[in-house]
Amino acid sequence: MTTLTANATLISWLDSIGPLHGWAIATAAIVSACCAIVGTPLVVRRMSLLGDAISHAVLPGLVVAVLLGAQPGGIGVLIGATVAAMVTVWFTRFLYRQAGLWEDASVGVSFTTLFAAGVLLVTLSGSRVDLDPGCVLYGILELVPFDTVDVYGWDIPRAFLSASFVLLIVSAGMWCTWRWQLFTAFDYDAAKAAGVPTVAVTMGLLVGVSLATVAGFVAVGAILVVAMLVVPAAAAERLVHRLHHAVWLAVVIAVVGAVGGYLLAWRLGTSAAGMMAVVLGVEYVIAILVAPDDGVVARLISKLVYLWRVQCEDRLASLWRAEESGQARHEDTFGGLVNRWLCVNGQVRKQENGLVLTPQGRLNAEVIVRSHRLWETWLGRHVDLPVDHLHPPAEWIEHHLGEQVRKRIENELGNEDVDPHGSVIPREKK
Amino acid sequence: MIHLAVAIAFLPYNTLVVAAGVAAVGCAAGVIGTFGVLRKRALVGDAAAHATLVGVACALLLTGQRDLAVLLVGGLLSAMVAIVLLVLIRKFTRTRDDAATAIVLSVSFGLGITLISGMVSRGIPGSGGLERFLLGHTASLTATDALLLGTVSVVGVLCIVVGLKEATMVAFDPDFAAAAGWPAATLDLVLIALIAVMVVVGLPAAGAVLVTALVVIPPAVARQWTERLVPMLVIAGAVGLLSALGGVVLSSLAVQVPTGPVVVLVATAFLILSILVAPCRGILWRTRSVSGLSSVSLTKTEVGAATPRVMERKL
């Protein structure tokens, strides 16, 4: 019943979004896909901050283009912004190469300079450039549906058209140069030596970044474009290992962030651009938590699994030692998760006087005890340690010695079959 | 220099106040920024600046008053949180340093915009135009603001002077500092916190981009002229001061010119000039004495080695 009501609410809510929001959402999704496609190689190549720099530095390019008579949202503006982005990149490289500045400092110098020039140009040109700094910094996604062009009788928002155009260029460019991008991203010098035109590849990537940035300008503004460029890529590369998988995943993450951010912002009555960045941030946090190889959750799980294995193996070994010394079971109670697990696993059996090892369990326990005693013997022979100090290291390493290592230690020890405490070392059994 | 002094002497009172405030920030940011740049953390200040928006919004929401001091405290707290997050991301994930900076910067800025925009749409008094906090309004700096900026700048520079040895150690070789028994991680955090304080305090006066520029460009200029730390600190402070004064004077000559961008452009002009004419490293110098031993051409591989060379200063 509740689900029904919830569904009805959801449907009526989606219904009330209407075509205007639909256009805005579609534009945001396309823009974020563009950014994710070019952002992934950018992040992998440690050039994220160049994305930040370009997004600030396209401002003077936009202003000059508009001053020269280009129409806002048209091709002229795209070209102007791309030229400005190239100037930024050239200036950054000049500072890095010629002035011996550090990489991040070069980026910092070039983007602040170009942004300052842009702000100055906007102020000086006064009313001739209709460029609101608010629009530059925060975007005007909410107003996208109202600025439309007539395409064969359809009213299509201008921003949607230019974003789709950019998506087409960017994805086609990526598709055509993919192998080169891949090679350059992972080993610049090897790619260069192999005859890949690395400079052209890098320039192509940066042209793509500036196109995506300009498309993103309208939707989310200069600074939040950085979120779209970097965050999905950084999240995706935590989750998968192949670059093309990362690109696809980044696109998915970016589109989810854009659509989710817009809907949330609309529901909560706040800025869509800001909320998109927040949703992307949340997605990034989730990614670093659940990343399969080095995520927080993965590390926790592997730690717990290890601790559990150590517990089980220690229990088996202590049962085996009790059996060896002919004691009755000292483990009288059948409590504890470890015992239950070993019982389910078929390694121990419950009897009236306590737990006993099954043949399988005995075999496993012998391996542990064998590792333990071999190591004690080896330490006793090669390391100058008192006999009562041999146990702790062996207690730890018994969980880590493989069959090969045990064999080599045994060969090395010769026909020694008693450990320093006088206990017999069990033989390896198949 | 004399022209500058004369020009300053004849400035109207308001411009004088602005000049004093911005000059103080410029000088202190140059000195403190030197350590940021040496530690390859030039853009940490930028991230901190963008993160202040969250704290500013929260401060307004909690206290309900739009008082500069309250907003600054809020901004400072959130900038610190952002920096701690940055350090955590660098330490516990394999995300690259530059990507981590970009993520913290853009996501915290987005959160700030979201908060402020939500507050505006709910009609919370005082929230209108709060997002312009990051743009700064240099021209409307009051005497009280200038005094606050001056105090913080002096305290910041004093901190560096007092802890010069420790700061040098941590800036050049944190591993060695830790091995020698210094609390390297804490000192490192203190250095970053100093940068954050400087950036946040400078924000209302100068805006995020100008503050970032003042933290990065003067040390870059100083790097062209010297290989040693103390001269580098002095030159960076002086360049920050001069570009701030020059920018304020230049922008006061015309009516409609914003101060912040002009200060940045003056600082960049200093940098370009230094890259051209600085002894040994300058481009002109290098092309003129191609065969001379005095020319140290800085090849790509040497750029990486540039940092240790400054370290030759005896500790």
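Values below: every heavy atom of this structure, side chains too, minus hydrogens, waters and symmetry copies. In what follows, chains are A, B, ... by sequence order, proteins preceding strands, each numbered from 1.
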key: Close side-chain approach of A:F115 to B:L210, heavy-atom, < 4.5 Å   = no
ask   = Does B:T114 offer a backbone N or O that forms a donor-acceptor pair with the side chain of A:T270 under 3.5 Å?
value = yes
key: A:E237 versus chain B, the contacting section by heavy-atom distance below 4.5 Å   = side chain
key: B:A99 versus A:V43, closest heavy-atom pair with distance   = CB-CG1, 4.2 Å
task = State, with a plain yes or no, whether a side-chain heavy atom of A:T112 is found less than 4.5 Å away from one of B:V216.
result = no
query = So do A:S48 and B:T101 actually touch side chain to side chain, heavy atoms under 4.5 Å?
reply = no
ask   = Which distance, rounded to the nearest 0.5 Å, do you find between the CZ of A:R46 and the CG of B:D97?
value = 8.0 Å
query = Which pair of non-hydrogen atoms, one from B:T95 and one from A:A234, has the smallest distance, and what is that distance?
reply = CG2-CB, 4.4 Å
message = According to salt bridge (Lys or Arg N to Asp or Glu O under 4.0 Å), who are the partners of A:R45, at least two apart in sequence or on a separate chain?
response = none
query = Taking only heavy atoms into account, what residues of residues 84-93 of chain B are found under 4.5 Å from chain A?
reply = B:I89, B:F92, B:T93
request  = Run the numbers on B:L271 and A:L95 for side-chain contact (heavy atoms from CB on, under 4.5 Å), then give the verdict.
outcome  = CA-CA 10 Å; B:L271 179 62; A:L95 291 171; 3.8 Å; yes
request  = Compare every heavy atom of B:A220 with every heavy atom of A:V109, then report the nearest pair and how far apart it is.
outcome  = CG2-CB, 4.4 Å
Nearest heavy-atom neighbours spanning A:A116 and B:P261 = O-CB, 3.3 Å
ask   = Just wondering, are more than 12 heavy atoms of other shown residues or ligands nearer than 6.0 Å to CZ in A:R242?
value = no
query = Is B:F109 close to A:V226 at the side-chain level, that is, under 4.5 Å between some pair of heavy atoms?
reply = no
Pair A:T113, B:T268: side-chain N/O donor-acceptor within cut-off below 3.5 Å = yes
request  = Take A:W102 and B:V37 through the test side-chain contact (heavy atoms from CB on, under 4.5 Å) and record every step on the way to the result.
outcome  = CA-CA 8 Å; A:W102 300 264; B:V37 169; 3.4 Å; yes
note = Residues B:R122 and A:L268: closest non-hydrogen pair is NH2-O, 2.6 Å
request  = Find the one option among B:L43, B:V104, B:V262, B:V215 whose heavy-atom pairs under 4.5 Å with chain A are most numerous.
outcome  = B:L43
ask   = If you count heavy-atom pairs under 4.5 Å between each of A:Y284, A:F94, A:F111 and chain B, which one has the most?
value = A:Y284
note = Closest heavy-atom pair, A:V44 versus B:R96, reported as atoms and distance to 0.1 Å, is O-NE, 3.6 Å
task = Go through A:A235, A:G281, A:A272, A:G269 and name the one with the most non-hydrogen pairs under 4.5 angstrom from chain B.
result = A:G269
ask   = Considering only heavy atoms, which portion of A:R238 lies under 4.5 Å from any heavy atom of chain B: side chain, backbone, both, or neither?
value = side chain
Sidechain-backbone polar pair: A:D52 side chain, B:A102 backbone, donor-acceptor under 3.5 Å = no
ask   = For A:L49, is it the side chain, the backbone, both, or neither that has a heavy atom closer than 4.5 Å to a heavy atom of chain B?
value = both
Close side-chain approach of A:V230 and B:S106, heavy atoms under 4.5 Å = no
task = Select one option (side chain, backbone, both, neither) describing which atoms of B:D46 are under 4.5 Å from chain A's heavy atoms.
result = side chain
key: chain B contact via A:A105 - side chain, backbone, both or neither, heavy atoms under 4.5 Å   = both
task = Heavy-atom distances under 4.5 Å only: say whether B:I272 touches chain A with side chain, backbone, both or neither.
result = side chain
B:Q224 side chain near A:L101 side chain, heavy-atom distance below 4.5 Å = yes
ask   = Where does A:M276 contact chain B at under 4.5 Å (heavy atoms): side chain, backbone, both or neither?
value = neither
